[in-house]
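What you see is a predicted model; the values in this text were computed from it and never measured.
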Amino acid sequence: MFKISGLSDCKTYNLTIYNRWGMKVFETSNPISDFWNGHLTTPTGPAVPAGIYYYVLSGDESFAGFVTVIH
């Protein structure tokens, strides 16, 4: 599960996760209840392959980094 803490103070934000080819695999704008569980597009979609994914958090402040999925 990939969830960024401390977002309850943000009024708005958008979290987008991309695979290594730049394809969007997940996006949310709900800071309280949405998190990425390693599935494609929705929490019940197919699991993404193990690997490194790039995330972008934009809103009051912007951050970016990498998250690794292992099975």
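With sequence neighbours excluded, the residues forming a side-chain contact (heavy atoms from CB on, under 4.5 Å) with Ile52 are Phe66, Thr68, listed by chain and number. Asn14 pairs by the side-chain contact (heavy atoms from CB on, under 4.5 Å) definition with Thr16, Glu27, Ser29, Ser58, not counting sequence neighbours. Contacts of Phe2 classified as side-chain contact (heavy atoms from CB on, under 4.5 Å), with partners at least two apart in sequence or in another chain: Ile4, Leu15, Ile17, Trp36, Tyr55, Val67. Taking the side-chain contact (heavy atoms from CB on, under 4.5 Å) definition, one finds that Met23 meets it with Asn19, Val25, Leu40, sequence neighbours left out.
Here Phe35 sits in one hydrophobic cluster together with Met1; the rule is ILVMFWY side chains under 4.5 Å apart, joined directly or through other members.
In this structure, Tyr13 is a member of the same hydrophobic cluster as Tyr53, with clusters built from ILVMFWY side-chain heavy atoms closer than 4.5 Å.
Of all non-hydrogen atoms in Ser62 and Gly59, the two that sit nearest each other are OG-N, 4.1 Å. Between Tyr54 and Ala64, the shortest heavy-atom distance links the atoms OH-CB, 3.2 Å. When all heavy atoms of His71 and Pro49 are compared, the pair lying nearest together is NE2-C, 3.8 Å.
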